[in-house]
Amino acid sequence: MSEGTGSGSRSEGTAVPPGQRVRLHHKPIHYGPVPRFRADRWDFRVMGATSSLGVYRWTWEEFAHLPRSRSVSDFHCVARFSVPGMSWEGVRSADLAAAAPPAPEVTHVMAWAEYGYSANLRLEDFLAEGVLLATHSGGAPLAKERGYPLRLVVPHLYGWKNVKWLRALEYMTADRRGFWEERGYHNRGEVWQEQRFFHQEEPGHGPPL
Ligand SMILES: Nc1nc2c(c(=O)[nH]1)N[C@H]1C(S)=C(S)[C@@H](COP(=O)(O)O)O[C@H]1N2
Ligand SMILES: [Mo]
């Protein structure tokens with residue numbers, strides 16, 4: 001088991017990103033219902049521009065055999081609260097990408113959840129230190145409403161990029177906006193740069209059409 005600290009966590013001090021306040025507890029936040037997990041129907045896929053051109057697929061049982069790591073990081077919701085020092089356990093994005101390598105042209109990744117929720121990430125943000133496909137939090141399996149059985153943890157990007165009930169990753173050779181990115185939120189959502197909303201994006205960055 002490898003241990004790590006999220007790149008966005010700044011956990012050495014009490015620093016909180018601009019515009020955020022610390023909250024120790026918070027209610028789950030998501031759009032739509034909590035999906036039910038069925039181990040016999042669940043799978044995890046990596047699709048799109050893989051280097052082999054094929055689709056990778058793991059059953060729940062197979063997914064448990066991927067290398068596992070732990071990471072401690074702060075969580076930042078765009079609704080202006082941050083939860084310090086959350087501990088997560090799961091598969092590091094880099095280990096997943098080693099098991100399912102992207103083609104050299106891949107620049108972005110779309111994370112797909114149950115019911116079609118999605119969030120886009122730059123490949124470098126996806127591969128950053130501290131990014132996990134988490135199955136556990138605080139030493140226990142994720143709670144249903146926190147994304148059980150699998151959740152993306154991207155500490156340096158706002159909460160909406162931390163896709164709960166994760167089912168697939170799509171490697172992309174051009175950027176495309178996900179669910180909230182199409183609805184007025186920032187395409188990247190980096191918390192220390194306070195990239196909250198679409199209107200903050202640089203001109204020419206590529207507005208949604
Ligand atoms: N599948 C899915 N994942 C999601 C969401 C969602 O609506 N659907 N909401 C996001 C938002 S906006 C936030 S702030 C976090 C909240 O995570 P939490 O419920 O563990 O606090 O989940 C994110 N992941
Ligand atoms: Mo959020």
Side-chain angles (χ1 to χ4, degrees), residues 1-32 34-35 68-96 109-114 117-122 124-167 169 178-181 183-197 200:
M1 181 96 62
S2 75
E3 308 269 345
T5 300
S7 57
S9 72
R10 315 280 162 105
S11 57
E12 70 280 0
T14 51
V16 174
Q20 298 291 109
R21 301 173 122 178
V22 169
R23 241 202 251 168
L24 299 182
H25 303 283
H26 71 289
K27 293 204 177 95
I29 303 168
H30 49 263
Y31 182 84
V34 173
R68 301 187 59 79
S69 303
R70 284 196 203 116
S71 171
V72 174
S73 54
D74 302 345
F75 173 79
H76 309 289
C77 177
V78 74
R80 299 189 177 276
F81 69 86
S82 294
V83 183
M86 297 197 67
S87 67
W88 303 98
E89 185 188 317
V91 179
R92 286 198 316 143
S93 54
D95 289 331
L96 199 276
V109 176
M110 190 72 83
W112 288 102
E114 302 282 355
Y117 182 90
S118 61
N120 57 320
L121 308 154
R122 295 178 178 180
E124 67 196 83
D125 284 328
F126 173 69
L127 294 176
E129 188 70 37
V131 178
L132 279 189
L133 288 73
T135 57
H136 289 65
S137 175
L142 294 173
K144 291 205 295 299
E145 62 279 5
R146 302 285 182 185
Y148 181 79
L150 189 66
R151 168 191 186 128
L152 189 61
V153 173
V154 191
H156 65 295
L157 304 183
Y158 284 115
W160 84 81
K161 301 276 193 182
N162 292 242
V163 174
K164 304 194 280 192
W165 312 296
L166 184 70
R167 288 292 301 275
L169 296 173
F179 183 87
W180 285 119
E181 295 83 5
R183 288 167 176 77
Y185 287 89
H186 197 280
N187 193 48
R188 180 162 181 237
E190 210 277 341
V191 300
W192 297 91
Q193 295 176 51
E194 208 172 352
Q195 296 173 332
R196 296 176 191 273
F197 305 113
Q200 299 169 302

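Numbers for residues simply follow the sequence, beginning at 1. Here the structure is a predicted model, which means the values were calculated and not measured.
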- Using atom types as modelled and distance alone, determine if a side-chain donor or acceptor of Lys164 lies under 3.5 Å from a backbone N or O of Ala113. no
- Item | Side-chain donor-acceptor pair present, Arg92, Ser71, cut-off under 3.5 Å | no
- Are Tyr117 and His30 near enough that their ring centres are under 6.0 Å apart? no
- Query: Passes side chain to side chain contact (heavy atoms under 4.5 Å, CB included), His136 versus Arg68? Steps please.
  - Reply: CA-CA 11 Å; His136 289 65; Arg68 301 187 59 79; 3.5 Å; yes
- Item | Parallel, tilted or perpendicular, as decided by the 30° and 60° cut-offs, for the rings of Phe179 and Tyr31 | tilted
- Task: Evaluate the criterion ring-ring contact (aromatic ring centres under 6.0 Å, His included) for residue pair His26 and Phe75; output intermediate values, then yes/no.
- Result: CA-CA 11 Å; His26 71 289; Phe75 173 79; 5.6 Å; yes
- Note on the structure: Between Ser137 and the options Arg151, Met86, Arg146, Glu89, the side-chain contact (heavy atoms from CB on, under 4.5 Å) test singles out Met86
- Evaluate side chain to side chain contact (heavy atoms under 4.5 Å, CB included) for Leu152 paired with Leu121, printing each intermediate quantity in order. CA-CA 11 Å; Leu152 189 61; Leu121 308 154; 3.7 Å; yes
- Kindly indicate whether the side chain of Trp165, heavy atoms from C-beta on, has any atom under 4.5 Å from the side chain of Val34. yes
- Task: State whether the side chain of Trp88 and the backbone N or O of Leu133 hold a donor-acceptor pair below 3.5 Å, judged by distance alone.
- Result: no
- Closest heavy-atom pair and its distance - Ala111, Val163: CB-CG2, 3.9 Å
- Query: For the residue pair Pro17 and Val191, what are the closest heavy atoms and their distance?
  - Reply: CB-O, 3.7 Å
- Might you point out which heavy atoms bring Cys77 and Gln20 nearest each other, and give the distance in Å? O-NE2, 3.0 Å
- Query: Hey, is the main chain of Gly90 close enough, under 3.5 Å, to the side chain of Thr135 for a donor-acceptor pair?
  - Reply: no
- Task: Starting at OG of Ser73, measure out to CG of Leu132 and round the result to the nearest 0.5 Å.
- Result: 7.5 Å
- Query: With a 4.5 Å limit on heavy-atom distance, are the side chains of Val78 and Trp180 in contact?
  - Reply: no
- Rounded distance [0.5 Å steps], OH in Tyr158 versus CD in Gln195: 8.0 Å
- Query: In terms of side-chain geometry, is the basic nitrogen of Glu145 or Lys27 positioned less than 4.0 Å from the acidic oxygen of its partner?
  - Reply: no
- Query: With a 4.5 Å limit on heavy-atom distance, are the side chains of Arg21 and Val16 in contact?
  - Reply: no
- Query: With a 4.5 Å heavy-atom cut-off, do His156 and Val154 have their side chains touching?
  - Reply: yes
- Query: Between His76 and Pro155, what is the shortest heavy-atom contact and its length?
  - Reply: CD2-O, 3.5 Å
- What heavy-atom pair brings Gly178 and Asn120 nearest, and what distance separates the two atoms? N-OD1, 3.2 Å
- Which atom of Trp112 lies closest to which atom of Leu166, heavy atoms considered: O-CD1, 3.5 Å
- Task: Ignoring hydrogens and angles, tell me if any N or O in the side chain of Asp74 forms a donor-acceptor pair with the backbone of Gly85 under 3.5 Å.
- Result: yes
- So, does Glu190 use its side chain to make a donor-acceptor pair with the main chain of Leu157 at under 3.5 Å? no
- Should the pair Arg80-Glu194 be classified as a salt bridge under the 4.0 Å nitrogen-to-oxygen rule? yes
- Task: Determine whether Arg122 and Val109 make a side-chain contact, defined as any pair of heavy atoms from C-beta on separated by less than 4.5 Å.
- Result: no
